[in-house]
Amino acid sequence: MKVIDIILTNEKLSLEKAVDFVRAEQAGGIVTFVGTVRNQTKGKKVIRLEFEAYEKMALSEMRKIAEQILFDFEINSVAIYHRTGNLSIGEIPVVIAVSAPHRKAAFAACEFAMDRLKKTVPIWKKEFFEDGAVWVSAHP
Amino acid sequence: MKVIDIILTNEKLSLEKAVDFVRAEQAGGIVTFVGTVRNQTKGKKVIRLEFEAYEKMALSEMRKIAEQILFDFEINSVAIYHRTGNLSIGEIPVVIAVSAPHRKAAFAACEFAMDRLKKTVPIWKKEFFEDGAVWVSAHP
Amino acid sequence: MEIEILAFGITKDIIGNKSLKLKVETPCRVRDLKILLKKDYPKLELLTSLMIAVNENYGDLDLLLQEGDEIALIPPVAGG
Amino acid sequence: MEIEILAFGITKDIIGNKSLKLKVETPCRVRDLKILLKKDYPKLELLTSLMIAVNENYGDLDLLLQEGDEIALIPPVAGG
């Protein structure tokens with residue numbers, strides 16, 4: 001059975017697709033994380049975001065995360081989707097879904113995957129304000 | 001703004017509806033839990049499940065959980081849906097969605113809500129096997 | 001006074017009905033009601049736990065029942 | 001040898017291009033490349049961090065670059 005689904009795309013992400021992928025008859029629970037573009041950063045109004053990816057390496061790092069959580073946690077399957085390009089407020093840059101026989105493992109694995117994604121996956125976020133744009137986290 | 005959505009129904013639950021409810025422009029992340037009916041319990045094949053609720057009290061206990069996590073965690077909004085009646089393998093008895101400015105709070109609040117739901121909400125589950133049926137957890 | 005008690009889950013099976021009417025002496029506390037019921041229906045004693053809800057809230061053992069209260073038997077819950 | 005380096009995010013802005021070609025002495029380690037680049041583009045020094053990916057993996061500072069390696073500048077990532 002296929003237990004890992006990785007997608008990097010400039011089209012809208014589907015939470016339903018991720019949940020359908022990880023749903024399994026032996027799973028008891030599914031935990032998902034859905035990122036959404038916030039309308040402000042440290043009180044400053046954000047107009048839109050742009051995500052750039054080093055595509056091949058991003059896919060490979062996303063897969064590494066999926067493989068690691070399958071190894072480290074008692075889970076059944078995992079879907080990790082990330083979007084690239086321009087996103088408006090409220091749109092979804094990332095979706096992670098994890099299914100497991102018991103929910104504790106699903107929660108822990110999903111949170112771990114998301115923490116890891118933000119650290120290792122070569123994707124960059126540019127925030128556009130009314131008076132300019134900034135690459136997030138680039139400078140201390 | 002409405003920040004709590006509670007549903008108890010004998011119709012199919014919609015994860016999309018829950019996510020749409022908790023989505024907010026100031027939210028950065030949404031964590032959901034989706035329960036699914038497992039095909040076995042302790043190795044014994046389950047054919048279907050039946051959920052019975054003390055409806056008015058179940059709704060009130062679900063609302064108490066929502067209010068408590070809004071009070072205890074830095075979250076924006078929460079949806080808690082539970083289904084009643086007959087469910088087949090793979091169907092969804094419960095959906096919880098929590099949005100928050102930061103994902104850590106969303107994960108913690110969603111997991112807490114689910115743990116609590118299993119302890120306090122007056123809903124009972126009957127598992128049907130090939131050779132009979134059992135009310136889950138009724139006996140030690 | 002006479003009280004009506006709703007039964008759910010396995011307690012509905014044990015009592016053989018989704019509700020029952022019971023004459024109790026006043027004052028009657030949740031504790032007293034549990035003792036009465038377990039005498040009439042010994043199978044209730046075998047459950048992992050048995051809570052009594054009074055007006056849609058979990059009732060403390062010391063809670064005094066009033067005429068007209070909505071009383072319900074809450075065997076171990078198992079939602080989700 | 002001549003190597004080609006891909007640039008992403010803010011490093012693309014700093015270098016003014018999405019890739020650059022660079023002549024380096026051999027042997028050249030990731031460490032040496034970082035020193036060279038920071039000399040040519042001092043703004044790279046101001047970043048929170050700068051990793052070098054070699055063939056789509058994070059490259060250790062001691063990693064020896066080979067002709068034909070796919071090399072990329074990885075400024076602080078911010079997915080999700």
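Every chain is numbered from 1 and lettered A, B, ... according to where its sequence line falls, protein lines coming before strand lines.
- The closest side-chain heavy-atom distance from A:Pro93 to A:Val37 is below 4.5 Å.
- The 12-atom threshold is not exceeded at CD of A:Glu74, counting heavy atoms of other residues, nucleotides or ligands nearer than 6.0 Å.
- Using a 4.5 Å cut-off between heavy atoms, A:Ala53 touches chain D through its backbone atoms (N, CA, C, O) alone.
- Using modelled atom types, one side-chain atom of A:Thr9 and one backbone atom of A:Glu11 make a donor-acceptor pair closer than 3.5 Å.
- For a heavy-atom cut-off of 4.5 Å, chain D lies close to A:Met114, A:Leu117, A:Lys118, A:Lys119, A:Thr120, A:Val121, A:Pro122, A:Ile123, A:Trp124, A:Lys125, A:Lys126 in residues 95-129 of chain A.
- Around the CD atom of D:Glu25, the shell of radius 6.0 Å holds no more than 12 heavy atoms that belong to other residues, nucleotides or ligands.
- The contact between A:His82 and chain D is made entirely by side chain atoms (from C-beta outward), counting heavy-atom distances below 4.5 Å.
- The distance from atom CD1 of D:Ile14 to atom CG of D:Asp40, rounded to the nearest 0.5 Å, is 13.0 Å.
- Between chain A and the options D:Asn55, D:Thr48, D:Leu6, the largest number of non-hydrogen pairs under 4.5 Å is found for D:Thr48.
- Only the side chain of A:Glu61 comes within less than 4.5 Å of a heavy atom of chain D; its backbone N, CA, C and O stay farther away.
- Within the 4.5 angstrom heavy-atom criterion, no atom of D:Leu50 approaches chain A.
- Using a 4.5 Å heavy-atom threshold, the side chains of D:Leu33 and D:Ile3 count as touching.
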> Where do A:Glu91 and A:Arg48 land on the salt bridge (Lys or Arg N to Asp or Glu O under 4.0 Å) test, with the steps shown first?
Replying inline: CA-CA 10 Å; A:Glu91 285 199 291; A:Arg48 65 178 183 88; over 6 Å; no

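- Residue D:Asp13 touches chain A through its side chain alone, counting heavy-atom pairs closer than 4.5 Å.
- Few gaps surround CD on A:Glu67; more than 12 heavy atoms of other groups in view lie less than 6.0 Å from it.
- Contact count against chain D (heavy-atom pairs under 4.5 Å) is highest for A:Lys56 among A:Lys56, A:Arg83, A:Glu50.
- Residue A:Ser137 touches chain D through both its backbone and its side chain, counting heavy-atom pairs closer than 4.5 Å.
- If you measure heavy-atom distances from A:Phe51 to chain D, the contacts under 4.5 Å come from the side chain alone.
- The closest side-chain heavy-atom distance from A:Leu8 to A:Glu55 is below 4.5 Å.
- With contacts defined as side-chain heavy-atom distances shorter than 4.5 Å, the pair D:Leu47/D:Ile10 qualifies.
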